[in-house]
Every structure is written in structure tokens, then in C-alpha cells.
2 protein chains.
Amino acid sequence: MEQNVIDASGLLAISTRLQRLSDQIRKDGLLIYKAFGIDFQPKWFPVLYTLYKKSTMSVVSLSDEIGYAHPSTISLLKELEKEKFIRSKKDKVDTRKRLVELTEKGTTLLSTMEPVWEVIIKATAEITNTENNLMKAINEVESSLKEKSFLQRAEVYIKK
Amino acid sequence: MEQNVIDASGLLAISTRLQRLSDQIRKDGLLIYKAFGIDFQPKWFPVLYTLYKKSTMSVVSLSDEIGYAHPSTISLLKELEKEKFIRSKKDKVDTRKRLVELTEKGTTLLSTMEPVWEVIIKATAEITNTENNLMKAINEVESSLKEKSFLQRAEVYIKK
DNA sequence: ATAATATATGTAGTTAGCTACATATATTTG
DNA sequence: CAAATATATGTAGCTAACTACATATATTAT
């Protein structure tokens with residue numbers, strides 16, 4: 001059971017480890033879409049999937065929904081608009097708001113993607129269905145952090 | 001129990017979720033170092049910690065050890081050299097190699113960091129010690145992926 | 001009905017990794 | 001031992017998120 005120094009450092013490197021795993025999964029995700037002949041970038045998923053489920057949303061509410069800072073969402077929307085997967089219109093009641101929705105082309109894309117999602121879900125289930133389930137662990141950790149942040153928890157030990 | 005669309009999409013968004021969590025932990029990590037008055041960036045951790053444990057290493061072996069592409073390591077080393085935490089010298093046997101090691105200043109920094117690590121370890125343990133342990137889950141998933149990649153697993157379902 | 005504040009969107013620039021390519025030196029092979 | 005290949009390092013530019021700041025419109029408080 002060989003272990004490198006970073007693995008051995010365990011908790012200290014948790015952020016690095018999470019990022020590495022995220023990248024690896026994202027890259028494989030891209031290859032899976034390609035294998036289905038779908039021209040789709042995994043980073044588009046949160047925006048498109050949310051619009052698929054909720055139809056029309058403003059930029060900020062979409063950002064909140066997917067948990068991104070709004071400028072991140074704006075730049076994704078710009079790409080998606082260029083690809084003609086989404087369109088936007090002004091909110092007539094609150095003119096500050098830009099309402100975003102899928103186009104026909106976007107809706108079509110999303111429906112061709114449904115079988116891919118099934119494959120992704122199965123493959124992910126296979127991978128995460130270990131003794132400690134990754135998705136459940138993420139959910140649990142996120143809810144611990146929501147209750148009391150990492151920093152707040154550390155502060156308790158600092159004061160001692 | 002309110003849930004946003006992305007959370008509800010579960011496995012599909014796993015890469016996004018991992019990244020978000022990683023960022024959150026990294027940011028809090030930075031704040032903890034600050035709370036101790038240590039001028040240290042979490043991204044330096046893998047390189048410095050590895051050099052602390054293994055003393056002298058070449059660029060590539062260091063990259064392999066921490067699991068980074070070598071250009072990433074090089075750019076970290078550049079910063080760390082500027083901060084005078086590390087220095088490098090030519091390998092006399094294999095002149096292609098650049099051997100990297102901590103300076104006095106680097107070693108001093110690392111030893112002032114040990115108490116911070118203890119705090120980080122405790123706080124992280126608190127957070128990850130849920131029903132499904134995040135660190136264990138990451139280890140398990142990484143070893144599943146080493147055995148058979150995400151794409152290879154998906155291919156099985158595609159062929160059906 | 002102003003003035004002050006809050007919210008929505010947008011732009012610019014940063015970050016922490018990456019891949020692709022280039023070059024120098026070692027090692028292996030015919 | 002020369003040619004081919006492999007390894008070590010380095011540079012340039014990409015990516016997918018971010019923060020900080022700016023502006024326009026709504027809402028709230030006096």
C-alpha cells in the first residue's frame with residue numbers, strides 16, 4: 001500500500017484532493033458526451049439543466065440556484081447565447097432584470113442528452129458506491145459547513 | 001428540506017460540487033493561516049510539505065509526488081524561490097535535473113506552521129467525521145478510478 | 001417626493017490548475 | 001559509437017471559476 005506524502009498528510013490537503021478529483025471527472029465527462037456525438041461542455045451543465053427544469057430565470061436567481069458568482073453565470077450565458085442554446089429578454093415588471101430561457105435548439109440538445117445522463121448516473125453510481133459514499137459525504141460536509149464554517153471551527157481550537 | 005435544482009440533479013453535477021467545496025475549504029484555510037499571522041498561501045502546501053518530509057527532490061519527482069503536471073509545479077517553485085522558501089541546484093550526476101530543497105527560511109516557516117496544521121486537522125476532522133467520511137470517500141473513489149476510468153465504465157453502458 | 005439603500009447586471013482582471021510545444025541531456029538500440 | 005528514443009525542464013497560452021468595481025433601476029425611509 002504505497003502512499004505519497006500528500007496522501008499521507010491527509011486532511012491538510014483535502015482541498016487539493018477535491019479539486020484534482022473534480023478535474024478528472026469533468027474531463028471524463030467531456031469524453032462521454034463526445035462518445036455520444038454530442039457537442040457539449042460539462043461546464044454548461046448547471047446552467048442548462050437548471051433552465052431545463054425551471055424554464056425562465058433572471059441572471060442572479062440562476063446564479064444563486066447553481067451556487068455560482070453572477071459574473072461566472074454571465075460568461076456562461078454569453079457562450080450559450082452564441083451557441084443559440086439560450087436567449088434572453090427584459091423583465092417588463094422589473095426592468096433591471098434579464099430573463100433567460102432555453103431556445104428550441106437548447107431544448108432539443110437537452111433532450112438528446114437525457115440518455116447520456118443515464119449513462120453518467122450509472123457510471124458515477126458505480127464509482128461512488130463505495131463504503132463511504134462520496135455524494136452523501138459531500139452533502140454532509142456542506143451541511144456541517146453551513147452550520148459552522150471551517151474558520152469558526154478552527155477558531156475554537158485557536159482560543160484554547 | 002429545500003433543495004436547488006443542481007443538488008437535485010445529484011450525480012450529474014458531482015464535478016461542480018467537488019470544485020465548489022474545494023474552493024470553500026481553501027478560502028477558509030487561507031483565513032486560518034492569517035488568524036495565526038502566517039503569510040502563507042494554501043496552494044503552496046503540497047510542494048512545501050513534500051519538501052519538508054523528503055528534503056531534496058527533482059522537479060518531476062516532486063510533481064509526481066504531489067500529483068501535479070510539472071508546469072504547475074514549476075510555477076509554484078518560481079513563487080517559492082522568490083519568497084526565498086526554497087532554493088535549487090543542479091544534479092551533478094544527471095545534469096538535466098534541478099534539485100529543489102527548503103531554505104532555512106522555508107524550514108522555519110514550516111515549523112511555525114505545525115501548530116496550525118493541528119488546528120486544521122482538528123477542524124477538518126470535525127467536518128468530515130460524518131456518517132460518510134469525505135477523505136475515505138475520496139480515497140475510495142480515486143482507487144475505483146485508478147482501476148477503471150469513468151469513461152471506461154460509461155462505455156460499458158453505451159455498448160448495451 | 002427625495003434621499004439613502006438595496007438589488008441586478010455588467011466589465012476587468014485574477015487564480016490555480018492544465019495542455020501543447022520546445023529544447024537539452026541521458027539512455028538504449030542497431 | 002551514432003541514431004533513435006526517452007526523460008527533465010521550461011515557456012506560452014488556455015480554462016473555469018473567482019473578486020472588485022461600476023452603473024442602472026427599484027425599494028424603503030424620512
Side-chain angles (χ1 to χ4, degrees), chain A residues 6 13-31 40-48 56-82 86 88-100, chain B residues 6 13-31 40-48 56-82 86 88-100:
Chain A
I6 295 306
I14 200 167
S15 160
T16 297
R17 296 286 304 281
L18 285 167
Q19 198 181 325
R20 203 195 297 178
L21 187 54
S22 163
D23 280 0
Q24 200 176 346
I25 290 175
R26 183 189 305 273
K27 273 173 203 155
D28 270 3
L30 184 59
L31 294 175
F40 177 78
Q41 293 183 244
K43 66 173 168 176
W44 294 340
F45 176 78
V47 167
L48 289 183
T56 299
M57 295 187 92
S58 75
V59 175
V60 166
S61 62
L62 182 53
S63 304
D64 289 348
E65 186 72 33
I66 66 183
Y68 282 5
H70 78 273
S72 313
T73 307
I74 289 173
S75 89
L76 289 170
L77 290 172
K78 212 171 265 172
E79 287 178 38
L80 291 167
E81 201 141 30
K82 201 156 122 193
I86 64 139
S88 38
K89 57 187 182 199
K90 269 252 165 303
D91 184 324
K92 276 158 194 162
V93 181
D94 184 339
T95 65
R96 293 171 305 176
K97 284 186 184 163
R98 174 181 152 200
L99 297 177
V100 182
Chain B
I6 295 305
I14 199 167
S15 159
T16 297
R17 296 287 303 281
L18 285 168
Q19 201 182 323
R20 203 196 296 178
L21 187 54
S22 163
D23 279 1
Q24 201 177 345
I25 291 175
R26 182 189 304 274
K27 273 172 204 157
D28 270 3
L30 184 59
L31 295 176
F40 177 78
Q41 294 185 242
K43 67 172 167 175
W44 294 341
F45 176 78
V47 166
L48 289 183
T56 299
M57 294 187 92
S58 75
V59 174
V60 166
S61 60
L62 182 54
S63 305
D64 289 348
E65 186 74 33
I66 66 182
Y68 282 5
H70 78 272
S72 312
T73 307
I74 289 173
S75 88
L76 289 170
L77 290 173
K78 213 171 267 173
E79 286 176 38
L80 291 168
E81 201 141 30
K82 201 155 121 194
I86 63 139
S88 38
K89 58 188 182 196
K90 270 253 165 299
D91 184 325
K92 276 159 194 162
V93 182
D94 184 340
T95 64
R96 293 172 306 178
K97 284 184 183 164
R98 174 182 151 198
L99 298 176
V100 183

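So that the names make sense, note that chain A is the first sequence line, chain B the second, and so on, each numbered from 1. Here the structure is a predicted model, which is why all the values come from computation and not from measurement.
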Quiz item: By side-chain hydrogen bond (donor to acceptor under 3.5 Å, both in side chains), which residues pair with B:Ser61, not counting sequence neighbours?
Solution: B:Ser58

Self-check item: B:Leu99 and its side-chain contact (heavy atoms from CB on, under 4.5 Å) partner, picked from B:Asp94, B:Thr56, B:Val59
Solution: B:Thr56

Quiz item: Under 4.5 Å between any side-chain heavy atoms of B:Glu79 and B:Lys82, yes or no?
Solution: no

Self-check item: Global bending angle along the helix from C:dA1-D:dT30 to C:dG30-D:dC1, which compares the axes of five pairs at either end, to 10 degrees
Solution: 20°

Self-check item: Over all atoms of both residues, closest heavy-atom pair of B:Glu81 and B:Ser88
Solution: OE2-OG, 3.0 Å

Self-check item: Partner set under side-chain hydrogen bond (donor to acceptor under 3.5 Å, both in side chains) for A:Gln41, not counting sequence neighbours
Solution: none

Self-check item: Phosphate OP1/OP2 of D:dA26: any A:Thr95 side-chain N/O under 4.0 Å
Solution: yes

Practice problem: Could you tell me the separation between the CZ atom of A:Phe45 and the P atom of D:dT15, rounded to a whole number of Å? | Solution: 22 Å

Quiz item: Phosphate oxygens OP1/OP2 of D:dT19: is one of them under 4.0 Å from a side-chain N or O of B:Lys27?
Solution: yes

Practice problem: Could I get the full list of ring pair (Phe, Tyr, Trp, His ring centres under 6.0 Å) partners for B:Phe40, not counting sequence neighbours? | Solution: B:Tyr33, B:Trp44

Quiz item: Between A:Leu18 (CG) and D:dA17 (C1'), how many Å, whole number?
Solution: 15 Å

Quiz item: Mind checking what makes side-chain hydrogen bond (donor to acceptor under 3.5 Å, both in side chains) contact with B:Gln19, not counting sequence neighbours?
Solution: A:Arg26

Quiz item: Base, backbone or nothing for each nucleotide of nucleotides 7-17 of chain C, written B, S, -, heavy atoms under 4.0 angstrom, 5' to 3'?
Solution: BSBBB----SS

Self-check item: Intermediate values then yes/no, side-chain contact (heavy atoms from CB on, under 4.5 Å), A:Leu31 and A:Asp28
Solution: CA-CA 5 Å; A:Leu31 294 175; A:Asp28 270 3; 3.9 Å; yes

